[in-house]
Novice: 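First, the structure itself, so that you have it in front of you.
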Amino acid sequence: MPKTLNPLPQLRPLALALLLAQTMPAQAQAAGETPSLPAIDVVAAPVIGAPGAPTVDLTGPQLLLRQGESSTLGAALSGLPGLTSTWYGPNADRPVVRGLDGNRVDILSNGSPLLDASAASYDHNAPLSPLAARAIELLRGPQALPYSGGAVGGVVDVIDDAIPTAPLRGVEGIAQLRGDSAFPGGSAAFSLDGGNGALGLHADGYKRRASDYVAPNGAQAESIVDGRVRNSAADGYGGGLGGGVTGRWGFVGLSVRSDTNRYGTIVDPNVEIDMRSERTSLRGELRHVLGADALGLAYTHTHYRHTELDSGQPATRFVNQGDTLRLSLRRRLAGIDLQLGLQALRLAFSALGDEAFLPQTHTRNTAVFGLASGASGRWAWSAGTRLESARVSSDGEGATGIARFGAASAQRFTPMSVAVQAQYALTPQVALTSTLAHNERAPSYDELYANGPHDATGAYERGNPALRKERSHSVELGVKVENARARYSATAFLTRYSNYIGLVRGGQTVDGDGNPVPPDTPDSLPEFLYVGVQARFSGIEASLLQPLLDQGGQRLDLAARLDWVRADDLTNGQPLPRIAPLHFTPALNYTRGNWSARVEALMAARQNRVPSSDLLGPTPGSVRVNASLTQRFTASGRTGLWFVKLSNLLDQTAYSASAIDTLRQLAPLPGRGIAAGVQISL
């Protein structure tokens with residue numbers, strides 16, 4: 001295994017010097033410049049047939065304002081149309097897309113799978129931070145198939161510039177500082193890039209520290225002590241170094257990245273998680289060779305581990321070591337953009353300790369994929385396919401000595417996925433969109449082989465080695481209207497699963513060895529089972545941006561987002577658990593020159609549709625009001641942006657319906673807070 005470097009110690013002095021030098025610039029606006037901030041709403045890409053066109057694309061000020069002090073991927077995306085998050089407090093918060101989470105929403109870093117353990121449990125955070133990202137993208141439909149077949153919700157790609165893909169000349173970068181009273185503490189981050197036109201170098205780093213977060217005044221739970229949610233503090237840092245050679249012929253480069261995070265688990269005040277991840281990546285592309293427009297290669301080695309600490313002592317240790325290889329070919333032929341490729345993955349997972357709820361497992365996956373897209377007249381279209389060969393095996397009792405893991409076993413699967421997407425322009429301003437998809441996913445190692453108590457979630461989780469492939473069919477219809485600055489869109493979708501793999505609460509309470517016991521038995525746990533059922537997801541998403549005023553350098557816009565998902569377990573005639581209710585978010589955006597202000601109301605309806613096994617029952621509705629003020633500036637030849645953001649102004653008590661029921665009431669959404677920050681070009 002190659003030794004991975006931790007670049008942060010070398011980067012800290014440079015980051016501190018840059019931040020201190022740039023934090024308090026003189027705000028001298030350049031003569032004649034009147035830049036204005038873009039709207040914070042994110043809408044679908046205007047041409048869905050374009051290869052790789054993201055459904056969501058967060059960059060620049062949009063990303064800065066959505067990062068939040070929790071610094072999780074779920075927090076950065078939650079609230080956009082169709083997106084919520086799993087909300088295991090502010091430190092483990094994974095995206096939920098149209099009610100789908102876990103293995104149905106893959107997380108990538110620069111196009112490569114993350115190979116972490118966040119999909120296996122709600123308390124496991126993804127080992128990356130939006131503070132280090134240049135952009136965050138969500139890909140759905142055919143555009144997701146080059147990366148995943150089973151990610152019906154989509155793939156989320158967190159992109160940085162560690163490996164240059166185009167010539168760099170000179171030195172450029174950004175630095176940012178921010179703090180938030182709702183998550184008492186702060187964060188700092190920087191990114192630097194430089195080159196001479198042929199050789200490019202990159203360095204980035206971040207540091208974040210937050211105390212236990214502030215609960216709303218009206219919230220009541222045993223986890224709330226002196227107005228704060230106990231054991232929700234976090235301390236994280238990370239950094240990356242990279243470089244490469246670029247030219248008209250293409251590029252080739254190498255990068256190393258290290259991320260460390262230690263945070264509390266709210267469900268147990270004595271349990272913390274110490275998580276570390278190192279990634280080494282090699283990427284390259286040759287252009288205009290062997291009849292192809294581009295030949296690409298990407299290889300990543302990942303070493304991930306996290307330890308669950310009980311009263312400071314190691315209880316269970318999880319280790320992932322894996323490699324991913326991706327080969328791709330791009331060619332434009334007869335007006336059609338083609339992408340063909342191969343992706344291979346090897347992953348070894350180990351759970352060490354008497355309290356491990358998973359045996360040691362091995363995953364092998366090889367896939368071939370194709371994506372084609374084009375446009376003709378009023379039509380734009382894309383089509384993709386993916387065929388995989390997957391093998392998931394367990395070492396059973398032999399590797400751990402834990403009898404409940406049984407004998408070694410292996411399962412093989414051959415998933416195949418196909419998706420077609422089309423857009424028809426009725427007029428230059430109005431377009432109809434549609435997507436048809438068939439997706440298949442091999443069960444993951446946790447769904448097949450979990451068998452044990454999981455302290456961090458307060459549950460006994462039991463997998464099922466007899467699970468079949470997850471299979472679904474989806475249809476989506478939408479309309480988009482764009483007229484000058486006005487934009488409107490609405491989409492309806494339906495996904496039907498012939499086999500949906502869900503983690504649902506069983507009908508009994510068990511001890512640490514999985515034996516049934518009365519519910520009032522000390523140290524007993526609720527049993528959660530991975531089962532396959534028939535399921536149906538349906539919903540709508542809509543957004544608008546309506547100009548109200550546009551004169552004299554002033555703009556006032558009305559923006560709104562709405563999304564609703566209904567999810568049913570058709571086998572048992574029950575709602576599926578952890579589904580977000582109807583969300584509606586109206587907002588007013590005001591810009592004048594280089595100033596921008598926004599006020600929004602995040603409205604969540606009461607979620608009455610919960611399964612009968614849900615411990616807490618319906619989740620109450622809420623209204624959370626946020627406001628922000630931002631200004632761009634230019635000083636000493638450098639540009640920057642500062643902001644102040646007021647969150648939950650009404651101090652409304654709210655709970656996430658997407659959180660697991662063993663945690664939901666213990667972790668209300670944060671109370672009133674003030675965040676402030678500055679980002680400056682270097």
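Throughout, numbering of the chain's residues begins at 1 and tracks the sequence.
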Novice: Would you check if the side chain of Asp204 reaches a backbone N or O of Ala189 as a donor-acceptor pair within less than 3.5 Å?
Specialist: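 Looks like no, no N/O pair under 3.5 Å.
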Novice: Is it the case that the side chain of Asn261 and the backbone of Met275 share a donor-acceptor pair, with hydrogens and angles ignored and the cut-off at 3.5 Å?
Specialist: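 No; zero donor-acceptor contacts below 3.5 Å.
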Novice: Compare all side-chain heavy atoms of Leu168 with those of His202 and state whether any distance is below 4.5 angstrom.
Specialist: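 The answer is no, as the side chains (C-beta and beyond) never meet within the 4.5 Å cut-off.
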Novice: Under 3.5 Å, is there a donor-acceptor pair linking the side chains of Tyr206 and Asp259?
Specialist: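 Yes - a donor-acceptor pair under 3.5 Å links their side chains.
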Novice: Is any side-chain heavy atom of Trp595 closer than 4.5 Å to a side-chain heavy atom of Leu629?
Specialist: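 Yes - at least one pair of side-chain heavy atoms lies under 4.5 Å apart.
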Novice: Rounded to the nearest 0.5 Å, what separates atom OG in Ser148 from atom CZ in Arg104?
Specialist: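 Here the rounded value is 11.5 Å.
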Novice: Just by modelled atom types, is the Ile680 backbone N or O under 3.5 Å from a matching donor or acceptor in the Arg638 side chain?
Specialist: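 No.
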Novice: Say whether Ser444 and Asn103, considering side chains only, have a donor N or O and an acceptor N or O under 3.5 Å apart.
Specialist: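 Yes, a side-chain donor-acceptor pair sits under 3.5 Å.
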Novice: Is there side-chain contact between Pro415 and Glu388, with at least one heavy-atom pair below 4.5 Å?
Specialist: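 Touching, per the 4.5 Å side-chain cut-off.
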Novice: Can you classify the ring geometry of Tyr213 versus Phe183 as parallel (below 30°), tilted (30 to 60°) or perpendicular (above 60°)?
Specialist: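 Tyr213 vs Phe183 ring planes: tilted.
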Novice: One thing to verify: whether Asp274 and Arg305 come together as a salt bridge, which I'm taking to mean a side-chain N less than 4.0 angstrom from a carboxylate O.
Specialist: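 Looking at Arg305 and Asp274, the cut-off is not met.
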Novice: Going by the salt bridge (charged side-chain N to carboxylate O under 4.0 Å, His left out) test, name the single residue among Asp161, Asp193, Asp160 that passes it with Arg134.
Specialist: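 Passing option: Asp161.
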Novice: Once you round to the nearest 0.5 Å, how far does CG of Leu358 lie from CZ of Phe349?
Specialist: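 So the gap between those two atoms works out to 4.5 Å.
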Novice: Show, in sequence, the C-alpha distance, side-chain angles and deciding distance for Val319 and His303, and conclude whether the side-chain contact (heavy atoms from CB on, under 4.5 Å) test is met.
Specialist: CA-CA 8 Å; Val319 179; His303 183 199; 4.2 Å; yes
Novice: So, does Asp101 use its side chain to make a donor-acceptor pair with the main chain of Val96 at under 3.5 Å?
Specialist: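 No, Asp101 side chain to Val96 backbone: no donor-acceptor pair under 3.5 Å.
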Novice: Between Ser191 and Ile174, is there a donor-acceptor pair closer than 3.5 Å when you use the side chain of the first and the backbone of the second?
Specialist: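 No: the side chain of Ser191 does not pair with the backbone of Ile174.
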Novice: Checking side-chain contact (heavy atoms from CB on, under 4.5 Å) for the pair Glu308/Thr265: CA distance, chi angles, key distance, verdict?
Specialist: CA-CA 9 Å; Glu308 294 184 358; Thr265 63; over 6 Å; no
Novice: I would like to know whether Leu138 and Leu83 meet side-chain contact (heavy atoms from CB on, under 4.5 Å); could you show each step before the answer?
Specialist: CA-CA 10 Å; Leu138 171 65; Leu83 286 123; 4.3 Å; yes
Novice: Determine whether Leu347 and Asn365 make a side-chain contact, defined as any pair of heavy atoms from C-beta on separated by less than 4.5 Å.
Specialist: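 In short, these two side chains do not touch, never coming nearer than 4.5 Å.
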Novice: I want to check something: taking the side chain as every heavy atom from C-beta on, are Phe251 and Arg287 in contact at a cut-off of under 4.5 Å?
Specialist: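 Of all side-chain heavy-atom pairs linking Arg287 with Phe251, at least one is under 4.5 Å.
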Novice: Report yes if some heavy atom in the side chain of Arg257 is under 4.5 Å from a heavy atom in the side chain of Ser109; otherwise report no.
Specialist: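 No; the side chains remain at least 4.5 Å from each other.
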Novice: Report yes or no: does Thr385 contribute a side-chain atom to a donor-acceptor pair with the main-chain N or O of Ser417 at less than 3.5 Å?
Specialist: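 Such a contact is found between Thr385 side chain and Ser417 backbone.
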Novice: Might you point out which heavy atoms bring Pro164 and Gly243 nearest each other, and give the distance in Å?
Specialist: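 In terms of heavy atoms, the two residues are closest at CD-C, 3.9 Å.
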Novice: Atom CG in Asp116, atom CZ in Phe318: separation rounded to 0.5 Å?
Specialist: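 Answer for the CG-CZ pair, Asp116 versus Phe318, is 12.5 Å.
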Novice: Would you say the side-chain atoms of Arg283 pair up with the backbone N or O of Thr165, donor to acceptor, closer than 3.5 Å?
Specialist: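 Not a single qualifying donor-acceptor pair exists.
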Novice: Any donor and acceptor pair, going by atom type alone, linking the side chain of Asn125 with main-chain N or O of Asn91 inside 3.5 Å?
Specialist: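 Answer holds: yes.
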Novice: Between atom CZ of Arg94 and atom CG of Leu77, what is the distance when rounded to the nearest 0.5 Å?
Specialist: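 Arg94 CZ to Leu77 CG: 11.5 Å, rounded to 0.5 Å.
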Novice: If I compare all heavy atoms of Asp157 with all of Gly111, which pair ends up nearest, and what's the gap?
Specialist: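 Of all heavy-atom pairs spanning Asp157 and Gly111, the closest is OD1-N, 3.0 Å.
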Novice: OH of Tyr445 to OG1 of Thr363: how many Å apart, nearest 0.5 Å?
Specialist: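 These two atoms lie 7.0 Å from each other.
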Novice: Of all heavy-atom pairs between Ser373 and Ser382, which one has the smallest distance, and what is that distance?
Specialist: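 Looking at all heavy atoms of both residues, the shortest contact is CB-CB, 3.8 Å.
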Novice: Do the non-hydrogen side-chain atoms of Asp93 and Thr86 ever get within less than 4.5 Å of each other?
Specialist: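 When only atoms from C-beta onward are counted, Thr86 and Asp93 do touch, with a gap below 4.5 Å.
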Novice: Quick one: does any side-chain atom of Thr72 pair with a main-chain N or O of Ala75 as donor and acceptor, under 3.5 Å?
Specialist: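 Confirmed, Thr72 side chain pairs with Ala75 backbone.
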Novice: Look at Arg178 together with Asp180 and state whether they make a salt bridge at an N to O cut-off of under 4.0 Å.
Specialist: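 Answer for the salt bridge query: no.
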Novice: Does a side-chain heavy-atom distance below 4.5 Å link Asp337 with Asp293?
Specialist: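 No, side chains not in contact.
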Novice: As an exercise, state the distance from CG of Leu73 to CG of Leu128, rounded to the nearest 0.5 Å.
Specialist: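 Here the rounded value is 6.0 Å.
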Novice: So which heavy atom on Arg279 is nearest to which on Pro113, and how close?
Specialist: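 So the minimum-distance heavy-atom pair works out to NH1-O, 3.3 Å.
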Novice: What are the two closest heavy atoms between Trp381 and Ala372, and how far apart are they?
Specialist: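 Between these two residues, the closest heavy atoms are CZ3-O, 3.5 Å.
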Novice: In terms of side-chain heavy atoms, does Gln339 have a donor or acceptor partner in Arg330 at a distance below 3.5 Å?
Specialist: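 Note: Gln339 and Arg330 side chains miss the donor-acceptor criterion.
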Novice: If every non-hydrogen atom of Pro90 is compared with every non-hydrogen atom of Ser232, which pair is closest and at what distance?
Specialist: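 Minimum heavy-atom contact is CG-O, 3.9 Å.
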Novice: Dump the intermediate steps for side chain to side chain donor-acceptor pair (under 3.5 Å) on Ser596 and Thr591, then the final yes or no.
Specialist: CA-CA 4 Å; Ser596 178; Thr591 61; over 6 Å; no
Novice: Given 3.5 Å as the limit, does a donor-acceptor pair link the side chain of Asn439 with the main chain of Gly149, or not?
Specialist: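 Pair found, side chain donor or acceptor close to backbone of Gly149.
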Novice: May I have the step-by-step check of side-chain contact (heavy atoms from CB on, under 4.5 Å) for Glu137 and Gln143, ending in yes or no?
Specialist: CA-CA 11 Å; Glu137 296 181 348; Gln143 283 75 34; over 6 Å; no
